[in-house]
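As structure tokens, the structure follows; a few thoughts come after it.
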Amino acid sequence: MRFAAAVGFALAAVFLAATAVAAVAGHGPLRSSTGQPIPARPAATGEAITGGDHRSAVTDEPPATAGRPSAARPVQVRIPALGIRSSLERLGIGADGALSAPRDPAQAGWYADGPTPGDLGAAVIAGHVDSTSGHAVFWRLAQLHRSDRVEVTRSDGTTVRFAVQEVRRVRRDRFPTVEVYGPLPDRGLRLITCGGLYDHQRGRYRDNIVVFALAT
């Protein structure tokens with residue numbers, strides 16, 4: 001399948017998390033890697049592939065119990081149900097205000113300006129769904145089910161285990177920015193990739209797959 005330049009993530013939404021919900025004023029419009037604006041006001045719509053309570057209620061400020069972030073960093077993600085094992089590239093915000101996609105389609109990436117998996121908050125890991133050479137690391141992400149495990153190994157040798165709460169397909173133009181990247185009073189994880197049909201005219205997928213998970 002053809003490779004979408006923006007990987008279908010709508011990952012520029014992470015810039016909203018980096019500035020915090022209350023600090024958006026004064027910044028230009030958020031844009032994806034293709035230059036498409038990302039709505040600052042997310043919609044609460046989406047097709048639930050698997051349902052569940054992922055405790056995604058957010059507030060205007062980070063949780064008071066967040067404490068000091070861990071010095072450890074994630075180095076590998078494993079999803080046993082899908083046979084996925086990948087090292088993790090550090091992802092950051094590019095000059096265009098969009099989160100850089102992983103350079104290697106076979107490798108996932110961690111949003112390094114967000115929480116570390118295992119710390120309080122919503123940690124974000126993203127990966128390609130395909131490339132010009134075929135399937136990529138998160139090709140089967142939409143096949144996850146409630147209670148499936150996601151394991152993240154950190155640089156301090158610990159492994160944090162998460163249980164899938166919900167798998168949701170969302171429209172790119174109605175990406176639930178705050179629900180995915182906003183403050184979370186739990187140890188959460190979000191996995192993101194492309195989804196839905198490929199739009200050949202725009203050179204991108206029409207939807208995103210978002211997995212919501214909580215540490216066990």
Side-chain angles (χ1 to χ4, degrees), residues 1-11 13-14 43-56 74-89 91 99 101-102 104-111 117-118 122-153 159-177 179-181 184 186-200 204-216:
M1 297 179 67
R2 292 183 56 192
F3 169 66
V7 201
F9 292 155
L11 285 178
V14 300
T45 60
E47 177 184 346
I49 300 176
T50 66
D53 173 18
H54 46 78
R55 305 181 199 174
S56 58
V75 295
Q76 183 185 83
V77 61
R78 292 183 63 248
I79 308 178
L82 303 182
I84 292 174
R85 181 193 297 266
S86 171
S87 56
L88 290 170
E89 177 184 339
L91 304 179
L99 184 69
D104 183 352
Q107 182 181 33
W110 163 63
Y111 172 47
V124 175
I125 292 176
H128 295 264
V129 68
D130 63 9
S131 71
T132 54
S133 60
H135 299 169
V137 61
F138 279 172
W139 171 255
R140 298 175 58 203
L141 197 67
Q143 298 176 21
L144 282 174
H145 296 90
R146 181 174 171 81
S147 299
D148 281 345
R149 296 196 327 274
V150 180
E151 301 176 352
V152 179
T153 301
T159 296
V160 186
R161 293 173 175 81
F162 298 86
V164 172
Q165 304 295 306
E166 182 181 0
V167 181
R168 192 187 305 178
R169 189 174 76 184
V170 299
R171 286 171 45 184
R172 285 176 55 92
D173 59 356
R174 296 180 67 81
F175 191 85
T177 305
E179 193 172 1
V180 171
Y181 296 103
L184 183 72
D186 287 294
R187 297 184 299 155
L189 179 68
R190 281 81 168 95
L191 307 176
I192 306 174
T193 194
C194 306
L197 298 175
Y198 186 80
D199 187 331
H200 291 272
R204 67 186 191 188
Y205 283 89
R206 295 178 180 177
D207 302 327
N208 290 120
I209 301 298
V210 182
V211 175
F212 297 86
L214 287 175
T216 58

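Between Phe138 and Ile84 there is a side-chain heavy-atom pair separated by less than 4.5 Å. Residues Ile79 and Asp148 fail the side-chain proximity criterion, which asks for heavy atoms closer than 4.5 Å. Contact of the Leu91 side chain with the Val124 side chain is not registered, since no non-hydrogen atoms from C-beta on lie closer than 4.5 Å.
Atoms CG and NE2, on Asp104 and His128 in that order, are 8.0 Å from each other to the nearest 0.5 Å. Separating the CZ atom in Arg172 from the CZ atom in Arg206 is a distance of 12.0 Å, to the nearest 0.5 Å. One finds the CZ atom of Arg204 at 13.5 Å from the CG atom of Leu197 (value rounded to the nearest 0.5 Å). To the nearest 0.5 Å, atoms CG (Leu82) and CG (Leu144) are separated by 4.5 Å.
In this structure, Gly127 and Pro102 approach most closely via the heavy-atom pair CA-CG, 4.4 Å. Taking both residues in full, the closest heavy atoms of Ala215 and Val160 are given as CB-CG1, 4.3 Å, listed atom of the first, atom of the second, then distance. Counting all heavy atoms, side chain and backbone alike, Ala122 lies closest to Leu184 at N-CB, 4.0 Å. Taking every heavy atom of both residues into account, Trp110 and Pro74 meet most closely at CD2-CG, 3.4 Å. Considering all non-hydrogen atoms of both residues, Arg140 and Ala81 come closest at NH2-O, 4.2 Å. In terms of heavy-atom proximity, Gly118 sits nearest to Phe162 at N-CZ, 3.7 Å.
Remark: the backbone N or O of Gln165 is paired with a side-chain donor or acceptor of Arg146 at under 3.5 angstrom. Asp186 places no side-chain N or O within donor-acceptor distance of the main-chain N or O of Gly188, the cut-off being under 3.5 Å. The backbone N or O of Pro105 sits nowhere less than 3.5 Å from a side-chain atom of Ser131 that would complete a donor-acceptor pair.
Remark: Arg85 engages no residue in a salt bridge (Lys or Arg N to Asp or Glu O under 4.0 Å) (not counting sequence neighbours). Residues passing the salt bridge (Lys or Arg N to Asp or Glu O under 4.0 Å) test with Arg78, sequence neighbours excluded: Glu151. By the side-chain hydrogen bond (donor to acceptor under 3.5 Å, both in side chains) test, Thr216 pairs with no residue at all, sequence neighbours left out.
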- [ ] Any chance you could lay out the side chain to side chain contact (heavy atoms under 4.5 Å, CB included) test for Phe212 and Arg190, step after step, and finish with the verdict?
- [x] CA-CA 5 Å; Phe212 297 86; Arg190 281 81 168 95; 3.6 Å; yes
Task: Ile125/Val150 under side chain to side chain contact (heavy atoms under 4.5 Å, CB included): CA gap, chis, key distance, verdict - done: CA-CA 11 Å; Ile125 292 176; Val150 180; over 6 Å; no
Task: Derivation and outcome, side chain to side chain contact (heavy atoms under 4.5 Å, CB included), residues Ile192 and Phe175 - done: CA-CA 11 Å; Ile192 306 174; Phe175 191 85; 4.1 Å; yes
- [ ] For side chain to side chain contact (heavy atoms under 4.5 Å, CB included), just list the numbers for Val77 and Leu88, CA-CA rounded to whole Å, side-chain angles, deciding distance to a tenth of an Å, and then say yes or no.
- [x] CA-CA 7 Å; Val77 61; Leu88 290 170; 3.8 Å; yes
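When each of Val137, Ile209, Val210, Asp130 is tested with Thr193 by the rule side-chain contact (heavy atoms from CB on, under 4.5 Å), just one qualifies, namely Ile209.
Between Tyr198 and His200, the ring-plane angle classifies as perpendicular under the 30° and 60° cut-offs.
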